[in-house]
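Here's the structure, in structure tokens; my notes come after.
As a basis for the values below, the full set of heavy atoms in this structure was taken, side chains included, without hydrogen atoms, waters or symmetry mates. In this chain, residues are counted from 1 in sequence order.
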Amino acid sequence: MNNEEKYNQVEPVYEKLASGEVLIISKEGNCLTYAANENGEVVLKKACLLEDG
């Protein structure tokens with residue numbers, strides 16, 4: 001396996017979340033992507049802050 005093949009492999013990263021916990025994954029501009037434990041199910045969500053205008 002060459003370096004490019006190693007780079008392109010998908011490797012999941014796990015973080016154990018207790019019920020009701022949230023883990024922020026990334027921030028892009030005024031938006032956050034996060035994982036939430038909702039009754040034992042991990043759900044990925046995105047939330048954006050509203051701009052005053």
**OP:** Could you pull out the closest heavy-atom pair between Val42 and Ala35, with the gap in Å?
**Re:** CG1-CB, 4.2 Å
Original post:
Which value, rounded to the nearest 0.5 Å, describes the distance between Glu38 atom CD and Glu21 atom CD?
Top reply: 13.5 Å
Original post:
What's the spacing between Lys46 NZ and Ser26 OG if we round to 0.5 Å?
Top reply: 7.5 Å
**OP:** Determine whether more than 12 heavy atoms belonging to other residues, nucleotides or ligands lie under 6.0 Å from atom CD1 of Ile24.
**Re:** no
Subject >> CG/Asn30: more than 12 non-hydrogen atoms of other groups inside 6.0 Å >> reply: yes
Original post:
Are the side chains of Val43 and Asn37 in touch, meaning some heavy atoms are under 4.5 Å apart?
Top reply: no
Subject >> Distance (rounded to the nearest 0.5 Å) between Thr33 OG1 and Leu23 CG >> reply: 11.0 Å
